[in-house]
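Presented below is the structure to which this report refers.
Labels below follow one simple rule: chain letters A, B, ... track the order of the sequence lines, proteins then strands, and each chain is numbered from 1.
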2 protein chains.
Amino acid sequence: MTPPLPKKPVRGSSTGIAIMAVFDLLGRKWNMRILWELRNVPQSFRELQARCDGMSPSVLNTRIKQLKEAQLIAKTTDGYQLTDIGLSLMDTLDPLREWAASWEEAFKLE
Amino acid sequence: MTPPLPKKPVRGSSTGIAIMAVFDLLGRKWNMRILWELRNVPQSFRELQARCDGMSPSVLNTRIKQLKEAQLIAKTTDGYQLTDIGLSLMDTLDPLREWAASWEEAFKLE
DNA sequence: AAAGTTGCTACGAAATTAGTAGCAATCATA
DNA sequence: TATGATTGCTACTAATTTCGTAGCAACTTT
């Protein structure tokens with residue numbers, strides 16, 4: 001399971017373009033959620049697991065490894081937390097919240 | 001495989017919050033990529049498949065169904081294309097390109 | 001009318017994800 | 001300082017997802 005990193009991509013993408021690596025990384029189950037849950041507070045393994053609906057520890061473990069390798073999170077004395085780049089990713093993904101709301105609206109109008 | 005929709009989520013998320021449905025939907029392999037490839041040009045099934053590195057037609061087919069159900073794409077005489085909401089999603093995701101570039105930078109500096 | 005193209009389904013194999021159990025290390029409490 | 005709880009994580013199996021190939025019916029093109 002080659003982890004997606006820029007420059008040396010990844011799962012079914014032969015292009016080598018960074019955005020494809022992003023799609024690959026974020027397209028794996030739980031990755032966005034994990035980063036999202038870490039956006040405000042550093043958390044321990046088990047805290048994180050709990051916040052992610054009790055996701056299985058084996059998967060969480062591999063996700064953590066990949067996200068660390070991708071330099072999006074790091075382990076500190078406070079637990080796992082976003083790196084600067086990781087945080088900036090969450091910042092650029094933040095408008096998703098608003099979009100999600102309008103998406104939801106669209107469904108109510110049916 | 002319950003498809004993720006707002007209000008009635010989804011795979012391992014019990015919250016019911018729209019953003020979680022987004023994470024679920026976009027967290028499935030190929031979904032972001034498919035939307036991304038459609039952002040400028042409507043495309044036929046086989047075109048789309050080709051652009052997505054020849055992804056397997058069975059998966060593409062189920063993805064198309066889900067994305068249609070989520071009202072992000074629609075089938076027209078020109079092929080599959082983004083709906084308005086789908087397009088707005090791509091707009092809010094657009095800054096990812098720039099982020100990906102800086103992410104890549106961070107790796108070069110190692 | 002023959003040959004190609006397109007959209008899609010079937011189906012078995014491979015890979016990913018889930019779930020449960022458990023264990024060594026640290027921490028807290030008594 | 002013994003005891004019990006908590007934490008971080010690994011092992012292992014089962015379930016689900018994804019892949020890959022083959023193929024077919026409905027068009028289109030020649």
Side-chain angles (χ1 to χ4, degrees), chain A residues 1-5 9-15 20-38 41-70 73-82, chain B residues 1-5 9-15 20-21 23-38 41-70 73-81:
Chain A
M1 191 200 338
T2 336
L5 298 174
V10 205
R11 275 209 315 188
S13 175
S14 52
T15 62
M20 298 303 168
V22 175
F23 290 156
D24 186 6
L25 183 60
L26 299 186
R28 294 181 186 184
K29 196 173 176 184
W30 292 117
N31 270 347
M32 285 207 245
R33 176 69 176 276
I34 290 169
L35 295 169
W36 184 263
E37 296 296 347
L38 288 176
V41 199
Q43 283 168 66
S44 71
F45 188 96
R46 268 164 136 116
E47 278 172 336
L48 200 45
Q49 185 189 13
R51 282 198 191 245
C52 293
D53 300 310
M55 69 175 289
S56 92
S58 43
V59 177
L60 177 54
N61 193 26
T62 73
R63 288 291 113 89
I64 284 175
K65 281 179 193 163
Q66 294 165 356
L67 292 173
K68 277 197 295 195
E69 204 172 335
I73 67 174
K75 193 176 189 175
T76 70
T77 53
D78 292 331
Y80 296 102
Q81 81 179 158
L82 296 181
Chain B
M1 191 200 336
T2 337
L5 299 174
V10 203
R11 276 211 312 189
S13 175
S14 52
T15 63
M20 297 303 167
F23 290 156
D24 186 8
L25 183 60
L26 299 185
R28 291 179 188 187
K29 195 173 176 183
W30 294 117
N31 270 346
M32 284 207 249
R33 176 69 176 274
I34 290 170
L35 295 170
W36 185 262
E37 296 296 347
L38 288 177
V41 198
Q43 283 168 66
S44 71
F45 188 95
R46 266 163 136 116
E47 278 173 336
L48 199 46
Q49 184 188 13
R51 282 202 190 242
C52 292
D53 300 310
M55 69 175 288
S56 94
S58 43
V59 177
L60 177 54
N61 192 28
T62 72
R63 288 292 113 88
I64 285 175
K65 282 179 192 164
Q66 294 166 355
L67 292 172
K68 276 197 294 195
E69 205 173 334
I73 68 175
K75 193 178 190 175
T76 71
T77 53
D78 293 331
Y80 295 103
Q81 80 180 156

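- Proximity of B:Tyr80 to the phosphate of C:dC8: a side-chain N or O atom is located under 4.0 Å from OP1 or OP2.
- Look at A:Trp30 and you won't find any side-chain N or O under 4.0 angstrom from OP1 or OP2 of C:dT16.
- Taken from CH2 in A:Trp30 to CD in A:Glu37, the straight-line distance is 9.0 Å, to the nearest 0.5 Å.
- Separating the CZ atom of A:Phe45 from the C1' atom of C:dA24 is a distance of 15 Å, rounded to the nearest angstrom.
- Scanning for side-chain contact (heavy atoms from CB on, under 4.5 Å) contacts around B:Thr77 gives an empty result, with sequence neighbours left out.
- Between the CG atom of A:Asp24 and the C1' atom of D:dT17 there is a distance of 15 Å, given to the nearest Å.
- Checked by atom type, the side-chain pair A:Arg46/A:Gln49 shows no donor-acceptor distance below 3.5 Å.
- Contact check, B:Lys29 against D:dT16: no side-chain N or O comes under 4.0 Å of OP1 or OP2.
- Listed nucleotides D:dC9, C:dG19, C:dG7 differ in distance to A:Lys75; the shortest reach to its side chain belongs to D:dC9.
- Note: B:Asn31 CG to B:Leu67 CG = 4.5 Å, rounded to the nearest 0.5 Å.
- Of the candidate nucleotides C:dG7, C:dT17, C:dA10, C:dT17 has the atom nearest to the side chain of A:Val59.
- Side-chain atoms of A:Arg46 lie closest to D:dC9 of the nucleotides C:dG7, D:dC9, C:dT17.
- Rounded to a whole Å, the CZ atom of B:Arg51 is 14 Å from the P atom of C:dT6.
- Atom CD in B:Gln49 sits about 11 Å away from atom P in C:dT6, given to the nearest Å.
- The interatomic distance linking A:Lys68 (NZ) with D:dC9 (C1') rounds to 11 Å, in whole Å.
- Of the side-chain N and O atoms in A:Ser44, one or more sit less than 4.0 angstrom from OP1 or OP2 of D:dG8.
- Comparing D:dC9, C:dA10, C:dA18 against the side chain of A:Pro57 picks out D:dC9 as the nearest.
- Rounded to whole Å, the distance from CD on B:Glu47 to P on C:dT5 is 13 Å.
- Within the 4.5 Å cutoff, the side chain of A:Ile34 has heavy atoms near those of the A:Cys52 side chain.
- The interatomic distance linking A:Leu60 (CG) with C:dT20 (C1') rounds to 16 Å, in whole Å.
- Rounded to whole Å, atom P of C:dT6 lies 15 Å from atom CG of B:Asp78.
- Relative to the side chain of A:Arg28, the nucleotides C:dG7, D:dT18, C:dT17 differ in distance, and C:dT17 lies closest.
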